[in-house]
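For reference, the structure is listed below as structure tokens.
Heavy-atom basis, side chains included; hydrogens, waters and symmetry copies ignored. First the proteins, then the strands, lettered A, B, ... as listed; each starts at 1.
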There are 2 protein chains.
Amino acid sequence: MAREKRATPGRKAAKAPEERIRARNEAAILKAAVNLFARKGFDGTRIAEIAKASKLPKANVYYYFETKEAIYARLIERLLSGWDSALEHIRADREPREAIADYIAAKLEYSRKNAVESRFFANEMLRGGGFLSRTQRRHIQDVTHERVEVVENWIREGKLRKIDPKHLFIMLWASTQFYADSAEVAAMTLDRTSLRRTDYDNARDTIVDVILGGCLPVAGEHGPTND
Amino acid sequence: MAREKRATPGRKAAKAPEERIRARNEAAILKAAVNLFARKGFDGTRIAEIAKASKLPKANVYYYFETKEAIYARLIERLLSGWDSALEHIRADREPREAIADYIAAKLEYSRKNAVESRFFANEMLRGGGFLSRTQRRHIQDVTHERVEVVENWIREGKLRKIDPKHLFIMLWASTQFYADSAEVAAMTLDRTSLRRTDYDNARDTIVDVILGGCLPVAGEHGPTND
DNA sequence: TCAGAAGTTGACTTTTTGGTCAGCTTTTGG
DNA sequence: CCAAAAGCTGACCAAAAAGTCAACTTCTGA
């Protein structure tokens, strides 16, 4: 899709980098692949399927990628570079209430817009995460630790109740990813055939409500003032 | 394994139903299969692998099961019969505090003891749940609805804050299943190579703490008195 | 004891899959 | 304009997978 005409009709027609054939076809292959990997996992996905889904002959897929592993590895790499983006909200200079609420909203929005990538990652986890390199594992750990410390600080400052930050993060990941990874169960629960925007909004409100209610100190107010 | 001698050396040697050859071999096949399906999904699992893992010749696997689908379907069926067991804790005649705490503990214990089954189910969800029959979907919906009503009643009675029960259940499922389905991420987060019992205990305490803190009314106390 | 039922299995066929390749067409830079 | 580089692909192959089967052994009830 989005086959645009050359923007510069001049003599040289310098094309944008993304318009180059290689970039375009690799993108098509990766897009098709992430969909299939997300559904069927690494072992269950056939190269021929990827070829068909990306509307390229199988041999052409091999022209761009050495092996199936190479495709998978590229996707893992791409995914991990965005792993921490939502976590940016958890910053020491912010108020936990807003920071956590923003994090939940961002993660849920990611689940909504990038359900495929989320499922792809979930599938890799089900496989045992064997495709993650030592470096990539460390990356996840480092980024997590960094934010765990922020939460620990909030607790020390009395801005949060004394709660194990690591398990709290797990709760947040799990609750937000569920709407992508197990969208069918979520939809069944909500009596839908598929999730709608309002479902995500309600999910966000509920998660924020419960998490903040369970984390913020028991002083005066405990949540948003709207009923 | 577990090749036992006949218990009754008498003339008739009436054997227990489970000792019958068919039962034993089917069990071996299903056990091997659920492990493989959990890791590699339906499409990624080879019959030969199942045969090897169950220490039977491939032809013997085909003797007991028509197709791979048949094995998978049997496992789905078996799994769903235990789907609601943890939900039994959510009963109208109980106090929400204990009921929810018990539910979380039970679900987490299931994740710990039956991680394989949990992953198998997660894999089926990633596939889109296409293997679930209409009846099975309805079963999930019905059971859920039943318990949603209990929670709604608690809310009406003022025993719980006004929170969307469906999304609450999703939070509970997600948070507890994560420790089975994404055990590797959980372990990474907790700086472990694999999860230990104490990790599950801490998970339970944290989840119970946060969920109850976020759900119970804001009156006097808000959680367990132990610090 | 013994005939039929149940269980076992190596070897086989067919189908699918990952991967290759030679020769073709298109694009590109000068 | 043109040669080289990049891109394309039908046809092919070897390996692996699914699935079959006939001959065999073991079990069971009468």
Practice task
Examine dG7(C): is either OP1 or OP2 under 4.0 Å from a nitrogen or oxygen in the side chain of Arg22(B)? Give yes or no.
Solution key: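 So the side-chain polar atoms of Arg22(B) do come within 4.0 Å of the phosphate oxygens OP1 or OP2 of dG7(C), strictly under.
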Please give, in whole Å, the distance from [N] [atom2] to [X] [atom1]?
| X | N | atom1 | atom2 | value |
| --- | --- | --- | --- | --- |
| Lys52(A) | dT16(C) | NZ | C1' | 14 Å |
| Ile21(B) | dT8(C) | CD1 | P | 6 Å |
| Lys68(A) | dT16(C) | NZ | C1' | 12 Å |
| Arg24(B) | dC27(D) | CZ | C1' | 12 Å |
| Arg20(A) | dA5(D) | CZ | C1' | 14 Å |
| Leu36(A) | dT17(C) | CG | C1' | 15 Å |

Check whether any side-chain N or O of [X] sits under 3.5 Å from a backbone N or O of [Y] as a donor-acceptor pair, and report yes or no.
| X | Y | answer |
| --- | --- | --- |
| Asp199(A) | Arg196(A) | yes |
| Ser175(B) | Leu172(B) | no |
| Arg112(B) | Arg197(B) | no |

Exercise for the section: Assert yes or no for the condition that the ring centre distance of Tyr72(A) to Phe120(A) is strictly below 6.0 Å. Expected result: yes
Exercise for the section: Could you tell me whether His167(A) and Tyr179(B) have their ring centroids closer than 6.0 angstrom? Expected result: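 Under 6.0 Å, so yes.
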Handout entry: Residue pair Asp191(A) / His145(B), side-chain donor-acceptor N/O under 3.5 Å
Key = yes
Handout entry: DNA chain C-proximal residues of residues 54-66 of chain A, any heavy atom under 4.0 Å
Key = Lys58(A), Ala59(A), Tyr62(A)
Handout entry: Lys NZ or Arg CZ of Lys68(A) over Phe42(A) ring: under 6.0 Å, within 45°
Key = yes
Problem - Selection: residues 38-47 of chain A, any non-hydrogen atom under 4.0 Å of DNA chain D - result: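 By residue number: none to list.
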Exercise for the section: Would you sort out whether Ser118(B) and Asp181(B) count as a side chain to side chain donor-acceptor pair (under 3.5 Å), showing the intermediate values? Expected result: CA-CA 6 Å; Ser118(B) 186; Asp181(B) 303 343; 2.9 Å; yes
